[in-house]
Novice: 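Sharing a structure, written as structure tokens. Questions coming.
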There are 2 protein chains.
Amino acid sequence: MDPHLLRTLVAVVEHRSFSAAARALGYTQSAVSQHIASLEADLGTKLVERRPVGPTGAGERLMEHAGPLLLRLDAARADIARLRAAPPTRLTLACTPAALTPSLAAALARVRRGAPGLAAGVRVLGPDAVVRAVLTGEADLGLVDGAAAPNDPLPLPDAGPMATVGVAEEPLAVLLPAGHPLAGRPALRLADLADAHWIDAPDTAVPLAQLRAAAHTDGFRPRLAYGGGDLAGLVRLVAAGHGLAATGLAAAAGQPGAVAVRISAPRLVHRTEAVHPRTPAEPVRALVEALGHTA
Amino acid sequence: MDPHLLRTLVAVVEHRSFSAAARALGYTQSAVSQHIASLEADLGTKLVERRPVGPTGAGERLMEHAGPLLLRLDAARADIARLRAAPPTRLTLACTPAALTPSLAAALARVRRGAPGLAAGVRVLGPDAVVRAVLTGEADLGLVDGAAAPNDPLPLPDAGPMATVGVAEEPLAVLLPAGHPLAGRPALRLADLADAHWIDAPDTAVPLAQLRAAAHTDGFRPRLAYGGGDLAGLVRLVAAGHGLAATGLAAAAGQPGAVAVRISAPRLVHRTEAVHPRTPAEPVRALVEALGHTA
DNA sequence: TTCCCTTACGTACGTCGTAACTATT
DNA sequence: AATAGTTACGACGTACGTAAGGGAA
């Protein structure tokens, strides 16, 4: 189970083709064929169905391990590389849509005033991708938002050692279409919304799975899947009545066509968390501290 | 960063010697030397100090990745192997000391009555080792106890996909020496115990780190470390006044020389959880169901 | 001097690419 | 017939063991 072979398996399954995977990896088609054959011989099971190409049951199972494994491998390399590297002259942030708040922007501005010439970059991604970016060193700092019990950490994928610091907690809110019968209420009970129509937008709003886990319910079933990372697009879908979405009260407020109503749930808040390497370089440490002061 | 090289690194650091690691792995000393050199060349950093042999800073950092990585690799192989394997004729359980309760023993007896000829084995281990045993297929089912919020899952190491089912919740209890001034109380507030002397027995009682996390405190600092997996030994240390230990009320009750007092903490219970592969073989499924009925 | 890790070197095995082959549509 | 994965085979590189070399106690 050489990691190279696993990487090839991932490419083959993703491309649904041996030759396309070979092109993507810079191998010949023959090498890819040999990689898969070698994995299958090692594990004693067929992993990939040919014509059409797709994973078998065992193949899918192995895929669930391969991704985290390869990520960890990259994370380990990045972790060691950071120990040798000079502090970055360019600060790269990865954050989820609702985590990119005015106070984050202000904190970043404050840090940059203190360090003239510090370049910066911001990438908006889904929560998992933010964590991945921090682990692999693509980003120096990540900011993720989601739902959790007060003072509890967010349930983030545990793919390696990293430090997490809560930087903001605010009430949870639900986005409703402007004309919705419940839109006038001052607050709504989360339990009453479990059977509503929901939009699953795991990269943009609070993932429904997180609501289910935090509320210990079976509800919050998606009626529409929304894949982008754009909050405005999600708001338009909510406004058109496709379903509801949960996020922080501040992020949800003042969206055109939709109304944000506070969710009153026992011990459940919208939380934003900073994710960074455990030995952060100087500008990262300063930014985390600046964020802490706004919390 | 070939896994073989990582395995060698782990062995070298654990044995504090190249030649001992070579013997343990079935290599020559020369090969081990080449492995380490190759890793160091790849990462561009010295990982191991020689004479005496020990990890450098970067080496320790890499070790934190190597363990989980190798575990995941074994877990992946075991996961695939289980898909092909026939249902086991011997049921192997791994459990933490306080999880081996009369009701577990009864449930196992019930299942074995329903399946005559089913051999069984029980191993008592620390929580991490229990999870490891299940992931690598050494055990068919794991039982772990610890502290958590009611209905919340225990904070287990996330080293791979597995199913967890809560099987019991009972009040948290603290073990006190028989003559202790607080021993007569009907219940104690957890917060009042944060500054007491504690014994850290992560393989036997509730790990102190779990108490800290669950109670959102900084207290519960260990005064004595207890490494074994034997509850009776821990009780003797408590009785002798070395410090306190937390566990479930039932497991703690009736221990000679010590007194169990219920801990009243807001939203904090002692919980036992079953851990098993996501597609359990028949006898495992039956046992989990039997355990569920006792909960 | 002894112990233990490193380096040199030869061999064996593994991995990749080229190219011929085979199966599916 | 064309497309796409497999197999055969040869060249190259890698990884191991043997054995000689070097530095610390």
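Hydrogens, waters and symmetry mates are skipped; everything else that's a heavy atom, side chains included, is used. Within every chain, numbering begins at 1; the chains are lettered A, B, ... in the order of the sequence lines, protein sequences first and strands thereafter.
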Novice: Can you confirm whether more than 12 heavy atoms, excluding those of A:Arg16, are under 6.0 Å from its CZ atom?
Specialist: no
Novice: Just the rounded figure in Å: distance from P of C:dC5 to CD1 of B:Ile36.
Specialist: 11 Å
Novice: Between atom OH in B:Tyr27 and atom C1' in C:dC5, what is the gap in whole Å?
Specialist: 18 Å
Novice: Short question: side chain of B:Ser38, backbone of B:Gln34 - any donor-acceptor pair under 3.5 Å?
Specialist: no
Novice: Nearest of D:dC16, C:dT24, C:dA8 to any side-chain atom of B:Ser30?
Specialist: C:dA8
Novice: Please check if the side chain of B:Thr92 supplies one atom and the backbone of B:Ala139 the other of a donor-acceptor pair under 3.5 Å.
Specialist: no
Novice: Tell me what B:Val32 touches on the nucleic acid: a base, only sugar-phosphate, or nothing, going by heavy atoms under 4.0 Å.
Specialist: nothing
Novice: From the list D:dT7, D:dG17, D:dA4, which nucleotide is the closest neighbour of the side chain of A:Gln34?
Specialist: D:dT7
Novice: Looking for any heavy atom pair under 4.0 Å, which part of the strands does B:Ser17 touch: base, sugar-phosphate only, or nothing?
Specialist: sugar-phosphate
Novice: Over how many whole Å does the gap from B:Glu49 atom CD to D:dG23 atom C1' extend?
Specialist: 15 Å
Novice: Measure CZ/B:Arg23 against C1'/C:dC4 and give the value in whole Å, please.
Specialist: 11 Å
Novice: Do side-chain atoms of A:Asp42 reach the backbone of A:Met1 as a donor and acceptor pair under 3.5 angstrom?
Specialist: yes
Novice: Which pair of heavy atoms, one from A:His65 and one from B:Ala76, lies closest together, and at what distance?
Specialist: CG-CB, 3.5 Å
Novice: Could you say whether B:Ser33 or A:Ser38 is positioned toward the 5' end of DNA chain C, judged by the nucleotide with the nearest heavy atom to each?
Specialist: B:Ser33
Novice: Whole Å only: how far is the CD atom of B:Glu40 from the C1' atom of C:dC5?
Specialist: 12 Å
Novice: At less than 3.5 Å, do the side-chain atoms of B:Arg51 and the base atoms of C:dC4 form a donor-acceptor pair?
Specialist: yes
Novice: Among C:dC5, D:dA4, D:dC16, which nucleotide sits nearest the side chain of A:Ser19?
Specialist: D:dA4
Novice: Provide, to the nearest angstrom, the distance between the CZ atom belonging to A:Phe18 and the C1' atom belonging to C:dA23.
Specialist: 14 Å
Novice: Whole-Å distance between C:dG14 P and A:His35 NE2?
Specialist: 14 Å
Novice: Whether B:His4 contacts D:dA15 is assessed here as follows: a side-chain N or O lying under 4.0 Å from the phosphate OP1 or OP2. Is that the case?
Specialist: no
Novice: Atom CD of A:Gln29 to atom P of C:dT15: distance rounded to whole Å?
Specialist: 19 Å
Novice: Quick check on DNA chain C: between B:Ala37 and A:Pro52, whose nearest nucleotide comes earlier from the 5' end?
Specialist: B:Ala37
